[in-house]
Asks: 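Sharing a structure below in structure tokens format, with a few things to ask.
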Amino acid sequence: MKNQICISRKISKVLVVLGAVLFLFATGFDSSAAQKPNFVFFLVDDLGWRDLGCYGSPLYETPNIDKLANEGMRFTDAYAACQVCSPTRASIMAGRYPARMNTTDWFGAPQPSNVGRHWTRNKPLLPAEYEEHLPLENITIAEALKEAGYTTFFAGKWHLGGKGFFPEDQGFDINKGGHHRGSPPGGYFSPYNNPKLTDGPEGEHLPARLAEESVDFLKNQSQNKPFFLYLSFYSVHTPLQARQDLIDKYRQKAEKIEHVGPDFIPEGKRQARQVQDHAVYAGMVEAMDSAVGKILAALNEQGFDKDTIVILMSDNGGLSTSEGSPTSNLPLRGGKGWIYEGGIREPMLIKWPGHTEPGSVCNTPVISTDFYPTILDMAGLPPRPKQHLDGVSLRPVLEQTGTLNREAVFWHYPHYGNQGGSPSSAIRAGDWKLIHFYENDSYELYNLHVDIGEQYNLLKLYPEKVKEMKSKLETWLEKVDARFPSANPNAG
């Protein structure tokens with residue numbers, strides 16, 4: 001009798017388990033969903049919109065990143081939240097516009113109190129006061145993932161604050177090279193003079209070293225615990241330094257490329273490069289691409305490729321009007337430090353295995369604040385709407401199932417840029433972009449669909465559109481409690 005009861009109970013358990021399995025299959029259960037995806041995020045410093053082969057560069061060779069584009073989605077209208085680095089980096093970590101956090105300039109730029117020692121001391125306006133670190137009260141995307149069981153790794157450029165505000169203070173378990181400096185203190189070859197990165201053999205190349213550190217991290221990861229690898233390159237920021245073999249290669253290649261028109265044209269009081277022919281910069285781009293390739297290869301070798309989401313983005317536009325003016329963003333206007341498209345429109349790629357169609361292209365405007373909610377959504381984690389106030393999940397466009405519920409994206413830069421840009425705010429809504437320059441209280445209106453180069457100011461032709469967009473911009477500035485430049489009593 002007891003044996004019959006035991007058998008009956010066993011049969012009942014089998015039937016329950018079988019029923020549960022059948023239910024899961026019937027409801028479309030995906031067994032892989034039980035394991036959270038890994039993330040590899042490449043942030044390239046100062047990489048211009050046209051600095052990759054997959055974005056049309058006639059000179060720079062980026063086979064590894066081009067392959068990534070063929071395996072995922074390429075965005076044509078992706079934006080950094082600012083035309084200089086630290087504000088955009090903060091927007092990625094926090095999911096908020098720099099204006100909301102008052103992190104509106106690169107950390108180390110002049111404050112209104114010390115502008116007297118800066119080259120902008122006689123400009124008509126004093127810059128707005130800004131925070132010189134990413135405020136700790138923000139729960140970063142690294143902290144959110146760490147709370148969810150992720151191992152978090154950072155390598156490269158941080159530039160979001162000094163002691164007490166380093167990557168290890170903002171959610172990263174491991175930090176290889178991230179500190180307060182915005183450029184590599186010892187240059188791109190060892191000795192690096194970096195307090196967060198030990199020197200390698202003399203002459204070791206920084207991009208290769210950061211790739212090596214990242215690969216070592218991957219080799220030590222378990223298949224059962226998800227990871228977030230954030231490689232924030234110092235490349236291709238100044239100083240302009242590359243391996244000699246790559247410099248020689250691109251000097252020869254550049255000589256064979258014919259171009260029509262001037263090498264430079266005026267942009268404000270500066271000159272903007274119009275052709276990509278800088279051999280050293282080209283070498284820097286290739287070295288960065290090679291580093292990306294080593295990490296992507298390691299993902300495959302370690303068996304992580306099917307479960308890893310790969311993201312690549314730049315923090316601002318390519319440097320075209322100062323400090324060597326090494327690249328051209330043509331057909332976009334301007335470059336790093338400018339509110340024109342060349343300063344804020346970026347190359348952006350996302351590979352989400354099983355979700356993004358290989359080789360797909362997205363023309364929807366997106367911005368760097370979107371990464372935070374998107375990553376949470378991809379990981380199956382609940383949103384944090386009180387934190388990522390200014391981002392939306394890109395899942396609908398990544399899976400091509402819908403559109404984004406957003407009317408416009410915004411910028412606010414109440415400072416003078418080292419590259420020639422001046423205090424400004426801007427809004428893009430649909431194809432329309434309105435810019436407000438504070439120095440002379442002037443506006444410019446462009447239709448980016450027909451004028452991606454922002455050559456034709458339509459301000460006088462569309463007064464109602466100007467009124468509408470001006471109202472939206474002013475409402476947004478008030479909503480985020482933006483700070484503004486002020487009159488300079490020493491202007492001259």
Side-chain angles (χ1 to χ4, degrees), residues 43 45-46 78-112 125-142 157-162 165 170 180 182 232 313-317 336-341 343-346 348 365-373 384 386-392 406 408-419 421-428 433 435-438 472-485:
L43 184 65
D45 196 5
D46 288 1
Y79 289 99
C82 188
Q83 55 265 54
V84 294
C85 59
S86 298
T88 299
R89 292 165 183 273
S91 76
I92 294 171
M93 284 290 110
R96 297 184 176 199
Y97 280 118
R100 190 184 294 277
M101 300 182 287
N102 296 314
T103 55
T104 47
D105 207 355
W106 61 274
F107 298 163
Q111 297 279 12
L125 299 175
L126 291 174
E129 186 176 356
Y130 70 96
E131 298 294 328
E132 297 189 52
H133 54 258
L134 175 61
L136 293 176
E137 57 264 29
N138 289 284
I139 301 172
T140 68
I141 184 59
K157 173 177 173 174
W158 181 242
H159 206 190
L160 288 176
F165 299 93
Q170 302 270 27
H180 70 284
S232 174
M313 177 70 163
S314 175
D315 62 349
N316 50 246
K336 177 181 179 179
W338 296 80
I339 196 64
Y340 295 119
E341 294 291 286
I344 56 176
R345 192 185 290 215
E346 314 302 331
M348 175 174 150
V366 300
I367 195 164
S368 52
T369 55
D370 296 333
F371 287 122
Y372 197 131
R384 295 176 179 247
K386 292 183 179 179
Q387 174 57 52
H388 50 74
L389 288 165
D390 301 311
V392 299
R406 177 167 55 201
V409 290
F410 303 89
W411 296 266
H412 182 59
Y413 186 63
H415 312 277
Y416 287 98
N418 288 342
Q419 301 77 24
S422 65
S424 56
S425 298
I427 172 178
R428 175 172 175 179
K433 179 180 175 184
I435 304 172
H436 182 198
F437 291 103
Y438 291 102
K472 290 178 181 177
L473 179 58
E474 290 173 348
T475 298
W476 174 77
L477 289 167
E478 183 177 354
K479 179 181 178 181
V480 299
D481 195 21
R483 296 174 181 176
F484 296 89

Asks: Is Tyr340 close to Ile435 at the side-chain level, that is, under 4.5 Å between some pair of heavy atoms?
Replies: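 A side-chain contact under 4.5 Å exists here.
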Asks: Output, in order, the C-alpha distance, side-chain angles, deciding distance and verdict of side-chain contact (heavy atoms from CB on, under 4.5 Å) for Val366 and Met348.
Replies: CA-CA 10 Å; Val366 300; Met348 175 174 150; 3.9 Å; yes
Asks: Any side-chain to backbone donor/acceptor pair from Asp390 onto Tyr97? Under 3.5 Å, distance only.
Replies: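 Judged by distance alone, yes, a pair lies under 3.5 Å.
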Asks: At what distance, to the nearest 0.5 angstrom, does CG of Leu126 lie from OH of Tyr416?
Replies: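 Result: 8.5 Å between the selected atoms.
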Asks: Please report the closest heavy-atom contact between Thr88 and Ala81, naming both atoms and the distance.
Replies: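 Residues Thr88 and Ala81, closest heavy atoms: OG1-N, 3.6 Å.
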Asks: Does Gly343 offer a backbone N or O that forms a donor-acceptor pair with the side chain of Lys336 under 3.5 Å?
Replies: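 Such a contact is absent between Lys336 side chain and Gly343 backbone.
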Asks: Looking at every heavy atom in both Ile141 and Tyr372, which two are closest together, and how far apart are they?
Replies: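 Closest pair (atom of Ile141, atom of Tyr372, distance): N-CE1, 3.3 Å.
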Asks: Which residues pass the ring-ring contact (aromatic ring centres under 6.0 Å, His included) test with Trp411, sequence neighbours left out?
Replies: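 For Trp411, the residues satisfying ring-ring contact (aromatic ring centres under 6.0 Å, His included) (neighbours in sequence not counted) are Tyr79.
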Asks: Which atom pairs, donor and acceptor, lie under 3.5 Å between side-chain atoms of residues 476-484 and protein residues at least two apart or in another chain?
Replies:
residue: Arg483; atom: NE; partner: Asn102; partner atom: OD1; Å: 3.3
residue: Arg483; atom: NH1; partner: Glu129; partner atom: O; Å: 3.1

Asks: If you look at every heavy atom in Met313 and Ala80, which pair is closest and at what distance?
Replies: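 Taking every non-hydrogen atom into account, CE-N, 4.0 Å.
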Asks: Can you name the residues that form a salt bridge (charged side-chain N to carboxylate O under 4.0 Å, His left out) with Glu346, not counting sequence neighbours?
Replies: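 By the salt bridge (charged side-chain N to carboxylate O under 4.0 Å, His left out) rule, Glu346 matches no residue at all.
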Asks: Distance check, rounded to the nearest 0.5 Å: Trp158 atom CH2 versus Leu43 atom CG?
Replies: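 Rounded to the nearest 0.5 Å, the CH2-CG separation comes out at 11.0 Å.
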Asks: Test of understanding: with ring-ring contact (aromatic ring centres under 6.0 Å, His included), list the residues that count as partners of His159, not counting sequence neighbours.
Replies: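 Partners of His159 under the ring-ring contact (aromatic ring centres under 6.0 Å, His included) test: none.
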Asks: Between Gln83 and His415, is a side-chain contact (heavy atoms from CB on, under 4.5 Å) present by the stated rule, with each step listed?
Replies: CA-CA 11 Å; Gln83 55 265 54; His415 312 277; over 6 Å; no
Asks: Using modelled atom types and a 3.5 Å cut-off, is there a donor and acceptor pairing between side-chain atoms of Gln387 and backbone atoms of Ala94?
Replies: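 Here the side-chain-to-backbone pair exists.
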Asks: Once rounded to the nearest 0.5 Å, what's the spacing between atom OG1 of Thr140 and atom CG of Leu134?
Replies: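 Here the interatomic distance stands at 7.5 Å.
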Asks: With rounding to the nearest 0.5 Å, note down the distance linking CG in Leu160 to OG in Ser232.
Replies: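 These two atoms lie 8.0 Å from each other.
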Asks: Quick one: side chain to side chain contact (heavy atoms under 4.5 Å, CB included) partners of Pro414, sequence neighbours excluded?
Replies: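 Expected list: Thr104, Ala128, His412, Pro485.
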Asks: Checking side-chain contact (heavy atoms from CB on, under 4.5 Å) for the pair Ile344/Trp338: CA distance, chi angles, key distance, verdict?
Replies: CA-CA 8 Å; Ile344 56 176; Trp338 296 80; over 6 Å; no
Asks: Please name all residues satisfying salt bridge (charged side-chain N to carboxylate O under 4.0 Å, His left out) with Lys433, sequence neighbours left out, ordered by chain then number.
Replies: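 So Lys433 forms a salt bridge (charged side-chain N to carboxylate O under 4.0 Å, His left out) with Glu341, Glu454.
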Asks: Restricting to non-hydrogen atoms, name the atom on Tyr438 and the atom on Ser425 that form the minimum distance, rounded to 0.1 Å.
Replies: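 Tyr438 and Ser425 have their closest heavy atoms at OH-OG, 2.6 Å.
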Asks: Which pairs with one or both residues in residues 83-97 pass salt bridge (Lys or Arg N to Asp or Glu O under 4.0 Å), sequence neighbours excluded?
Replies: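 Only Asp45-Arg89, Arg89-Asp315 qualify under salt bridge (Lys or Arg N to Asp or Glu O under 4.0 Å).
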Asks: Side chain to side chain contact (heavy atoms under 4.5 Å, CB included) with Glu132: which residues, sequence neighbours excluded?
Replies: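 Result, side chain to side chain contact (heavy atoms under 4.5 Å, CB included) vs Glu132: Gln111, Tyr130.
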Asks: Identify the two heavy atoms, one from Trp106 and one from Asn418, that lie closest to each other, and give their separation to 0.1 Å.
Replies: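 Nearest heavy atoms, Trp106 then Asn418: CZ2-ND2, 3.5 Å.
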Asks: Rounded to the nearest 0.5 Å, how far apart are NE2 of His388 and CD1 of Ile139?
Replies: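 The distance works out to 10.0 Å.
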Asks: Could I get the full list of side chain to side chain contact (heavy atoms under 4.5 Å, CB included) partners for Pro87, not counting sequence neighbours?
Replies: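 Side chain to side chain contact (heavy atoms under 4.5 Å, CB included) list for Pro87, sorted by chain: Cys82, Val84, Pro98.
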Asks: Who are the salt bridge (charged side-chain N to carboxylate O under 4.0 Å, His left out) partners of Asp105, not counting sequence neighbours?
Replies: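 Testing Asp105 for salt bridge (charged side-chain N to carboxylate O under 4.0 Å, His left out), a comparison that skips the adjacent residues, returns none.
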Asks: Closest approach of Ser368 and Ser91, non-hydrogen atoms and distance?
Replies: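 Distance-wise, the nearest heavy atoms are OG-OG, 2.8 Å.
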Asks: Looking at CD of Glu137 and CE of Met101, how far apart are the two atoms once the value is rounded to the nearest 0.5 Å?
Replies: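 The CE atom of Met101 is 10.0 Å from CD of Glu137, to the nearest 0.5 Å.
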Asks: Tell me, please, which residues at least two apart from His133 pass ring-ring contact (aromatic ring centres under 6.0 Å, His included).
Replies: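 Scan of His133 (ring-ring contact (aromatic ring centres under 6.0 Å, His included), adjacent residues dropped) gives Phe165.
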Asks: Kindly write out the residues that satisfy ring-ring contact (aromatic ring centres under 6.0 Å, His included) with Phe107, not counting sequence neighbours, or none if the list is empty.
Replies: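 With sequence neighbours excluded, Phe107 shows a ring-ring contact (aromatic ring centres under 6.0 Å, His included) to no residue whatsoever.
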